[in-house]
Amino acid sequence: MEKNSKQLSHVFEKYMKNKPVFHQKQFLQSNYMPDTIEHRDKEINTIAEISASALRNEKPSNIFIYGKTGTGKTLTIQYTMNQLNETSQAHNIPLKILYINCKLKKIADTEYRIIAQLIRELGKEVPPTGLPTDEIYKIFINIIDQEQQIIILVLDEIDQLVKKAGDEILYNLTRLNTELKKAQISIIGISNDLLFSDNLDPRVKSSLSEEELIFSPYNALQLKSILKKRSDIAFVDGVIEQGLIEKCAAYAARDHGDARRALELLRVSGEIAEREGSKKVMISHLDLAESKIEKDRIIDLVSTQPKQHQIVLYSILKIADKRQKVIFTGEIYEYYKGICIETSIRPLTQRRVSDIIAEFDMLGLITGKIISKGRYGRTREVNLSIPDESKVKIKQILKDSLNV
DNA sequence: GTCAATTCACATGAAAGAGACCACGGTCTAGTG
DNA sequence: CTAGACCGTGGTCTCTTTCATGTGAATTGACGA
C-alpha cells in the first residue's frame, strides 16, 4: 500500500512537472459547440429561411438532411435551432424544439420509446414500458394540442430509427398534423445514409422531404481551417509541430472528410504527447494516435458484445490462428458448437450464428463476402480484419470473459 | 463440346415464442386512530 | 380506515427458434455434331 502510494505520487509529480501541451482541451471534444460554424454558411441560411416561418406561427416545411458522419449536420442544426429558439423566446412566440438522437439505444429505437422520449422532453413523465402504443400517442397528442404552438421535431440519425423500428412511425408522425387542432408539428430528419430515403414508403418520403439538403464532406482545406481554429485555443502556443495540422486534415479527408474524427485524432495525439512528456506534439504522435483510436474502438466493441457473440468471435479468431486462409460459416459454427459443449452453454442455431457473423461484418470486425462454391454450396467467406497487434489482447479479453 | 438441370451449403425472410421488463388495478395485510 | 405489500393481467422489447424460400456456380447428364 505504502509502495503504491509512493509510486502514484511519483506519477502525479511527474505529470505536474511536465509542461502541458493542452491549454483548454474541451475545445477538441466532440460535444463542444463552437460559436461560429465554418464552411456551412449556405446550409445554415437555408435551414434558417425554411424554419423562420415558425416565427410567424406557420408550420415550416419538413426538412430532410443528408450527409456523411462528421460533416457538421448535427452541429449546424443545433446551432440554427438554438438561434431560432432564442428569437422565438424573445418575441414570445409559442415554439418548441425537440431534439432526439435516434442512435442512442434505450432511448429511441422503437416507436414507443420515441414518443415516450418526446413526452419526457415536454416535461411529463411516462412509464418506460407497459402502455399500449396508441395510448402513448394519445397522451402525446393531448399534451401538445393543449395550446396553439409550433413544434419542430429534430430526428437525428433517423436512418437508424427506421432500420430498427420501420417507417411506420414517420408516417404516423407526419399524419399527426391532421389530428392536431391547435398545434402543428414540423419534422427535421437527419440521416447519415445518402440512400436512406430510397427504402422509404413513398407516402412518407414525399411528405417528409419537402425540402432536402445535402451536406457534402469537408475537403482537406476546410478541415485544415477548422482544425487550425480549434487547435489555436485548445493547445498551448507553439506546441504543434509544423505540418501536423495539415497531415491530420489529410488523414481525415481521406476517409470521407469526417471533422469529428479529425478532431479526435488531434486530441489523442496531444494526449499521447503529453503522456510521453514531450514538449511538442509531433507527427509521430499522430501516427500513434491513429492506431490507438482504432485499437480502442475494437477493444471497446469486443468487450461490450453479448456472450454468445463473443463465443462466435472467439471461434473465428481461433480458426484464423490455425490457418491463414479464409474461413467459412460452416467451420465457424462447428467450432462454436464445440466451445459451447465444453463450457456447457446452450448453442444457438446456425441461423442465428449466421446473423451474428453478418453483424460482425457490419461492425467491421471481419469482412465477409458471399461466395458460391458451385456444387459445394454457397457460403460467407470470412476474413478477420482485426490488426495483428490487437489480436492477442482481444483474445485475452474474450478468454477472460468466457473463462475458457 | 454445349447447354440446361441439378445440387450443395448456406443466405435471407417472415413469423412466432420465450423471457425480461414494466404499469396498472385489485386484493390482502398490518399498523393506526 | 389506510398505506404498503403482493399478485395477476396486459402490454413492449430483445433475442431466438422454426419454417420457408432463395441463390450462384460447379457438376452432371442429355443431346447433337
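Only a predicted model underlies this, so the values are computations on that prediction, with no experimental measurement involved.
Comparing B/dA9, C/dT18, C/dT14 by their closest approach to the side chain of A/Arg113 singles out C/dT14. Nearest to the side chain of A/Ile370, among B/dA11, C/dA25, C/dT16, sits B/dA11. Residue A/Tyr376 has its side chain nearest to C/dT27 when only C/dT27, B/dC10, C/dC15 are considered. For A/Arg375, the side-chain atoms get nearest to B/dT7 when compared with the rest of B/dT7, B/dT12, C/dT17.
Per the geometry, CD belonging to A/Gln308 stands 10 Å off C1' belonging to C/dT16, to the nearest Å. In this structure, the CD1 atom of A/Ile357 is 10 Å from the P atom of B/dC10, given to the nearest Å. The distance from atom NZ of A/Lys373 to atom P of C/dA26 is 12 Å, rounded to the nearest whole Å. Between A/Phe328 atom CZ and B/dA11 atom P the separation is 11 Å, expressed in whole Å. For the pair A/Tyr112 OH and B/dC21 P, the computed distance is 17 Å after rounding to whole Å. Per the geometry, CZ belonging to A/Arg380 stands 5 Å off P belonging to B/dT12, to the nearest Å. A/Glu331 places its CD atom 13 Å from the C1' atom of B/dA9, with the value rounded to the nearest Å. Distance CZ (A/Arg352) to P (B/dG17): 19 Å, rounded to an integer number of Å.
The local environment of CZ in A/Arg56 is sparse, with at most 12 non-hydrogen atoms from other residues, nucleotides or ligands closer than 6.0 Å. Counting heavy atoms of neighbouring residues, nucleotides and ligands inside a 6.0 Å radius, atom CE of A/Met362 does not exceed 12 of them.
Within the model, atoms NE2 of A/His39 and CG of A/Leu221 stand 8.0 Å from one another, a figure rounded to the nearest 0.5 Å.
For C/dT17, neither phosphate oxygen OP1 nor OP2 lies less than 4.0 angstrom from any side-chain nitrogen or oxygen of A/Arg351. Not one side-chain nitrogen or oxygen of A/Ser354 sits closer than 4.0 Å to the OP1 or OP2 atom of B/dC10. Here A/Thr329 reaches the OP1 or OP2 of B/dA11: one of its side-chain N or O atoms lies under 4.0 Å away.
A cation-pi contact, defined as under 6.0 Å to the ring centre and within 45° of the axis, is absent between A/Lys322 and A/Tyr335.
A/Asn85 is listed as a side-chain neighbour of A/Ser88, based on a closest heavy-atom distance under 4.5 Å.
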